Amino acid sequence: MSHLNAIALRVTQIKHLSQFHAQVIHHSLQHHSYWVSLLISHCTRLRAPPFYTRLIFNSAQQPNVYAFTNMLKFYSHVGAHDDVIALFDCMRVSGVIPDAFVFPVLIKSWGKAAIVFHGHVLKMGHQGDRYVRNAVMDVYAKHGPICFARKLFDEMSERMVADWNSMISGYWRWGNKVEADKLFTLMPERNVVTWTAMVSGYSKTRDLVTAKRYFDQMPEKNVVSWNAMLSGYAQNGFAEEAIELFNEMVNRRVQPDETTWVAVISSCSDRADPNLANSLVKMLNQKNVRLNSFVKIALLDMHAKCGNLAAAKKVFEELGAFRNAVAWNAMISAYTRVGDLSSARELFDRMPRKNVVSWNSMIAGYAQNGQSTMAIEAFKEMIRSKDMKPDEVTMISVISACGHLGVLELGNWALNFVNENQISLSISGYNSVIFMYSKCGSMKDAKRVFEEMETRDVISFNTLITGFAAHGDGFSAIDLMRKMKGDGFQPDRITYIGVLTACSHAGMLEEGQRVFESISNPDVDHYACMIDLLGRVGKLDEAKRLIKKMPMVPHAGVYGSLLNASRIRKRIDLGEFAARELFKIEPENSGNYVLLSNMYASMGRWGDVERIRGEMRLGGVKKTTGWSWVEFGGKLHKFIVGDKSHERSNDIYKLLKELREKMRKAGYTADKDSVLRDVEEEEKEEMVGTHSEKLAVCFGLLVSEAGTSIRIMKNLRVCWDCHEAMKMISKLEGREIIVRDNNRFHCFNNGSCSCMDHW
DNA sequence: CTAGGGTTAG
């Protein structure tokens, strides 16, 4: 059979392998263990499909220990650990005695459960085998406790480089940089694997400068080393560096493999550039790159992030048996990214084996598309299904959803969950807590959390500054920016928007101007803040001059600020100017028409009011508003304009009608407040239904008893606009009404109101 | 025979 052996030596491609296989069958040798194990070892090297390899194995009549071992190695190589274990059982049943070569493979597949096999290994007398010893040690290094691995390591009389490498990568896995470093300097001889482990270790700690230093110092590199560095860049968001390194790799004639492409593709995903994506796909086709499931899923994600949902879907459909949890999750986020929550949810519900990331994707999808209640509902569903453990990523979405709702109790409940389940928070976790407290009006707590943080990033500062801005605390915002610079953080555009907004809300003109002048490259949003600030302090002409001086095209926010300021200051000339510009930029936005029309109304120019409404009708502009929320009985009730979907809708409208009649009888004029104003008029015009705020307030009145509070969660405006109405209602109904917005109680009694600070 | 690199969520 020497000519067969000669053919076997020439197997370098799948094509050759199948020719060799055909020859083996031709000579009816496919039942012989020798040829079977030889074929399987080729399969492993060439990554033949598992079913084909198993076919070869099954054709052996009585597979010997070598055939079993090679088949086990094949399964191990493709990561099919369940098959390794199943085949080992099969091996024992057939009475084949496993040798020392089997155990390292088996132990690796058993992973954490390998301790069970420890006894088995001892019984078979293989504990003295250096490879078995390494495998056992590696299991402890990977799955912990690492001190067990260290104990085995220390007891060794002679160590292979692989033993040192196992320990080093084990320490990196557990985040122990110090020990990893120590072993690296201590070890007598290093190889590529050692150096690569250091590169990927430093990448894990996000210290890419040191990672690159080790990479550059490596005496020799292979594809894996390049991949380690490349993935380090890709995973930490350094897309530019990754692509640059890839080019260098190509220049040095290093042949990229699938892992290389995964890193390159995911770097291109970050850029979200459809052109780059297309040229990359073209390149993959040109080079005839073999696409394994990792590459395919990376491509799926890239298409989704570059806005090509159809292509992503196509890849997903074509994945077939490789459609694993990661592919499902990537597809779910593809849908949530474009705001298609129902498709995302449908996929999520259809998904067979959900993992934490699936839940996190769904919850984040809700949270980022303004569906905070749905996010929290999904989270509750998640913790009801006992086998799912929320992690930090889950909690970040949940906590910020609580922030968006402005419900402190809910936020505290989420934080409580974090503590009870010992979920440790990183910087972004704490940032979400700062955001939540700020949005819930609890600046004291926001500040406390910020101060308690050991390490902060730019986002920590920006979140707190934005919080100060929303609360009109200009001094704290400026002060914090100063502190930020002192700590060595460079303020970014968000910082400046925050500080300028804070100055604007606090009416701090000079400080705001100083900050604005210090911005090296102000963008359109900074101009918008500045114009808002000038408008608020009454310097409207200066605001207009600044608009004229802007080096870029102003956006709607710029003119919106001017329009609002003009309304307050009754500068009809500037108001008209701003409104005209706004009608050009966003003709479909009803708010602009309403503002201008209100401005005319406040000056008694009813003819102009009528004219604007006519323009609105002609342009087909529909009035739109957001949702209003009321909490009652631990449940959130939400209302939108003209909402009739609420279970107590009939009662709500009945109450509204009753109140209106009572008010009319009591002699109140309809346009004095917003709860009862022009309801009939609006409905007659069929432009809009009853405002969401009115519905929310009426529902609150309906369900609350005297002395209990109505909690209006969203639309802070509600409380403000409804102020007068609530006064009247308290007088008419003869009862005390407590309305709570984000951080205050408003207590209405007998026609007057007192505010109580809360907390 | 061993050790190093891979896709999804914030």
Side-chain angles (χ1 to χ4, degrees), chain A residues 41 69-70 72-73 76 79 99-105 107-108 129-138 141-142 159-170 172 190-201 203 218 221-232 234-235 257-266 269 292-302 304-305 315 319 322 324-334 336-337 355-365 367-368 391-400 425-429 431-432 459:
Chain A
S41 68
T69 308
N70 282 358
L72 285 166
K73 261 194 250 166
S76 175
D99 58 16
F101 287 74
V102 171
F103 284 99
V105 175
I107 288 165
K108 194 177 155 195
D129 185 273
R130 59 212 302 232
Y131 295 104
V132 172
R133 236 175 23 206
N134 175 273
V136 172
M137 194 187 77
D138 196 57
K142 277 197 175 68
R159 300 180 188 105
M160 301 182 289
V161 187
D163 295 320
W164 289 87
N165 290 346
S166 281
M167 276 319 293
I168 288 176
S169 69
W172 278 120
R190 307 179 187 101
N191 60 14
V192 215
V193 180
T194 324
W195 286 92
T196 308
M198 293 309 278
V199 171
S200 75
S203 297
M218 282 171 82
K221 298 182 183 74
N222 58 20
V223 218
V224 181
S225 327
W226 285 89
N227 289 345
M229 196 62 234
L230 214 49
S231 310
Q235 286 163 358
D257 69 1
E258 280 109 324
T259 308
T260 318
W261 291 110
V262 169
V264 173
I265 293 167
S266 78
S269 309
N292 66 11
S293 63
F294 281 101
V295 181
K296 282 181 184 161
I297 293 166
L299 278 172
L300 188 164
D301 188 54
M302 180 184 74
K305 282 183 179 149
V315 177
L319 270 170
F322 297 113
N324 62 8
V326 180
W328 282 88
N329 295 341
M331 206 57 217
I332 289 170
S333 355
T336 62
R337 200 171 291 119
N355 59 21
V356 199
V357 180
S358 322
W359 285 94
N360 289 351
S361 306
M362 204 58 233
I363 293 171
Q368 285 162 9
D391 61 8
E392 193 199 354
V393 180
T394 325
M395 296 322 290
I396 288 175
S397 293
V398 172
I399 292 166
S400 60
L425 297 184
S426 65
I427 296 180
S428 35
N431 290 348
S432 73
I459 299 171

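Since we're looking at a predicted model, the values are computed, not measured. Order of the sequence lines fixes the chain letters, A, B, ..., with proteins taken first and strands second; residue numbering starts at 1 for each chain.
- For A:Ala364, counting side-chain heavy atoms from C-beta on, the closest listed nucleotide (B:dG10, B:dG4, B:dT2) is B:dG10.
- Using a 4.0 Å heavy-atom criterion, one finds that A:Asp257 contacts the bases of the nucleic acid, with or without backbone contacts as well.
- One can place CH2 of A:Trp172 at 13 Å from C1' of B:dG4, the figure rounded to the nearest angstrom.
- Side-chain atoms of A:Asn134 lie closest to B:dT2 of the nucleotides B:dC1, B:dT2, B:dG6.
- You'll find that the side chain of A:Val393 is closest to B:dG10, out of B:dG10, B:dT7, B:dG4.
- Distance from the side chain of A:Ser361 is smallest for B:dA9 among the nucleotides B:dA9, B:dG4, B:dA3.
- Side-chain to base pairing of A:Asn329 with B:dT8: one donor and one acceptor N or O lie within less than 3.5 Å of each other.
- An OP1 or OP2 oxygen of B:dA9 is reached within less than 4.0 angstrom by a side-chain nitrogen or oxygen of A:Arg337.
- The nearest whole Å value for the distance from the CG atom in A:Asn324 to the P atom in B:dT8 is 12 Å.
- Looking at heavy-atom distances under 4.0 Å, A:Val295 makes no contact with the nucleic acid at all.
- Residue A:Gln235 has a polar side-chain atom (N or O) positioned under 4.0 Å from OP1 or OP2 of B:dT7.
- Straight-line distance from the CG atom of A:Asn360 to the P atom of B:dT8: 14 Å, rounded to whole Å.
- To the nearest angstrom, P of B:dT8 lies 12 Å from CE of A:Met302.
- Taking only side-chain nitrogens and oxygens, A:Lys296 never comes nearer than 4.0 Å to OP1 or OP2 of B:dG6.
- A:Asp129 comes within 4.0 angstrom of nothing in the nucleic acid, heavy atoms only.
- A donor-acceptor pair under 3.5 Å is formed between the side chain of A:Asp391 and the backbone N or O of A:Thr394.
- Taking only side-chain nitrogens and oxygens, A:Ser169 comes nearer than 4.0 Å to OP1 or OP2 of B:dG4.
- A:Gln368 comes within 4.0 angstrom of sugar-phosphate atoms only, judged by non-hydrogen atoms across all strands, and of no base.
- The distance from atom NZ of A:Lys73 to atom P of B:dA3 is 12 Å, rounded to the nearest whole Å.
- In this structure the side chain of A:Trp195 never reaches within 4.5 angstrom of the side chain of A:Lys221, judged on heavy atoms.
- For the pair A:Met362 CE and B:dG10 P, the interatomic distance rounds to 12 Å; values are reported in whole Å.
- Under the 4.5 Å side-chain criterion, counting only non-hydrogen atoms from C-beta, A:Trp164 is not in contact with A:Arg190.
- Base engagement by A:Thr259 is indicated by at least one non-hydrogen atom pair under 4.0 Å involving a base atom.
- Here the nucleotide nearest the side chain of A:Asp301, chosen from B:dT8, B:dA3, B:dG6, is B:dT8.
- For A:Ile297, the side-chain atoms get nearest to B:dT7 when compared with the rest of B:dT7, B:dA9, B:dG4.
- Residue A:Lys305 has no polar side-chain atom (N or O) positioned under 4.0 Å from OP1 or OP2 of B:dT7.
- Atom CG in A:Leu299 sits roughly 13 Å away from atom P in B:dT7 (whole-Å rounding).
- The closest side-chain heavy-atom distance from A:Asn329 to A:Asn355 is below 4.5 Å.
- Judged by centroid separation below 5.5 Å and plane tilt below 30°, A:Phe294 does not stack onto the base of B:dT7.
- Between A:Leu230 and A:Thr259 there is no side-chain heavy-atom pair separated by less than 4.5 Å.
- Taking atom CH2 of A:Trp328 as the reference point, atom P of B:dT8 lies 18 Å away to the nearest angstrom.
- Put simply, the side chain of A:Asn191 and the base of B:dG4 share no donor and acceptor less than 3.5 Å apart.
- Among the protein residues, A:Asn355 comes within range of no part of the nucleic acid, since none of its heavy atoms lies under 4.0 Å from any strand.
- The side chain of A:Val224 sits closest to B:dG4 out of B:dA9, B:dG10, B:dG4.
- Side-chain contact check for A:Ile363 versus A:Val398: some heavy-atom pair is nearer than 4.5 Å.
- Side-chain atoms of A:Asp138 never come within 3.5 Å of backbone atoms of A:Asn134 as a donor-acceptor pair (strictly under, hydrogens ignored).
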